[in-house]
Amino acid sequence: EAQVTQNPRYLITVTGKKLTVTCSQNMNHEYMSWYRQDPGLGLRQIYYSMNVEVTDKGDVPEGYKVSRKEKRNFPLILESPSPNQTSLYFCASSFVTTRYNEQFFGPGTRLTVL
Amino acid sequence: SQQGEEDPQALSIQEGENATMNCSYKTSINNLQWYRQNSGRGLVHLILIRSNEREKHSGRLRVTLDTSKKSSSLLITASRAADTASYFCATDEGSYIPTFGRGTSLIVHP
């Protein structure tokens, strides 16, 4: 089944404790992206990657890191989480083409930073 | 950065009524997409309309695109309580990757 998976789905942590949220897709998509969603603010893009070893900042990259060592994986790293990073996080992937760039979303990771 | 903006921000209707939501954007696009999000879940793609198309249908969904006005509308006919969700438009602004608006929250009362 074509899908984007994220782990963990729920995470409660404390300020300053490094964490990684994993994202994996099995559709051979070139493009992968991370979003955060907060009430009233819609989806805001954190980082994106157009292909392996190619990453770029989105609208709200501060406090986050990503890597793209393999095509299928795109982990999101919070080196020193803070309470303002409490949010709902989504990973998405798609092909890089103007004809078929429907994005597939993961189920979301709800992160709480105390 | 966000390009498409949905209107209204919130919509409340009775089951059986039609729901219309709009999306406006600023620059030229290759295509425009509509997505649906059930509360707390990932977005799901509903329909894509290309810049050279004016109208598209999928089941109870009807999407129109007016490139001269840089706007699109999503019509859900004969709405059901299960249609309660947030709806987002996404535009690609001439690049490969769509960017999302803030969404319209639709509540359908049984």
Side-chain angles (χ1 to χ4, degrees), chain A residues 2-7 9-10 21 23-25 27 29-51 54-61 87-112, chain B residues 1-10 21-25 27-53 56 58 61 63 65 67 85-106:
Chain A
Q3 61 182 346
V4 178
T5 57
Q6 293 179 229
N7 282 292
R9 295 288 316 279
Y10 302 90
V21 184
C23 173
S24 183
Q25 50 93 6
M27 294 166 280
H29 287 160
E30 300 94 350
Y31 177 85
M32 296 186 76
S33 177
W34 277 103
Y35 298 90
R36 62 177 288 174
Q37 186 175 33
D38 304 287
L41 296 178
L43 282 170
R44 293 183 292 168
Q45 191 176 51
I46 303 170
Y47 270 95
Y48 64 94
S49 169
M50 298 292 277
N51 214 324
V54 180
T55 62
D56 216 336
K57 295 177 181 179
D59 298 317
V60 287
S87 187
L88 180 57
Y89 291 86
F90 291 102
C91 178
S93 71
S94 73
F95 291 114
V96 178
T97 162
T98 56
R99 284 193 65 81
Y100 301 108
N101 56 7
E102 165 193 352
Q103 291 203 43
F104 291 79
F105 281 78
T109 295
R110 189 168 293 279
L111 172 65
T112 301
Chain B
S1 56
Q2 292 172 332
Q3 189 193 10
E5 287 297 331
E6 295 88 347
D7 171 65
Q9 286 189 319
M21 50 206 90
N22 305 296
C23 172
S24 60
Y25 58 93
T27 63
S28 63
I29 59 171
N30 296 304
N31 59 55
L32 184 145
Q33 303 176 42
W34 284 92
Y35 289 76
R36 166 194 169 124
Q37 183 185 30
N38 286 52
S39 180
R41 312 281 293 267
L43 278 69
V44 175
H45 185 261
L46 292 176
I47 197 165
L48 179 152
I49 186 166
R50 303 199 189 286
S51 58
N52 61 353
E53 298 174 313
K56 208 160 180 182
S58 177
L61 305 180
V63 170
L65 179 63
T67 53
S86 291
Y87 293 83
F88 294 83
C89 72
T91 54
D92 57 10
E93 199 178 355
S95 74
Y96 295 115
I97 303 303
T99 54
F100 294 84
R102 295 175 192 268
T104 291
S105 175
L106 172 66

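Order of the sequence lines sets the chain letters (A, B, ...), proteins ahead of strands, with each chain counted from 1. As the structure is a computational prediction, the values presented were derived from the model and not from experiment.
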- Among all residues two or more places apart in sequence or in another chain, which pass the salt bridge (charged side-chain N to carboxylate O under 4.0 Å, His left out) test with Asp56(A)? none
- For Asn31(B) and Asp92(B), work out which heavy atoms get closest and say how close. N-OD2, 3.3 Å
- Contact part of Phe104(A) toward chain B, heavy-atom cut-off under 4.5 Å: side chain, backbone, both or neither? neither
- Can you find a heavy atom in the side chain of Phe88(B) that is under 4.5 Å from one in the side chain of Leu43(B)? yes
- Query: Side chain, backbone, both or neither: which part of Gln6(A) has a heavy atom under 4.5 Å from chain B?
  - Reply: neither
- Task: Measure Gln9(B) against the heavy atoms of chain A and call it side chain, backbone, both or neither at under 4.5 Å.
- Result: neither
- Message: Determine whether a donor-acceptor pair (N or O, by modelled atom type, separation under 3.5 Å) exists between the side chain of Arg9(A) and the backbone of Gly108(A).
- Response: yes
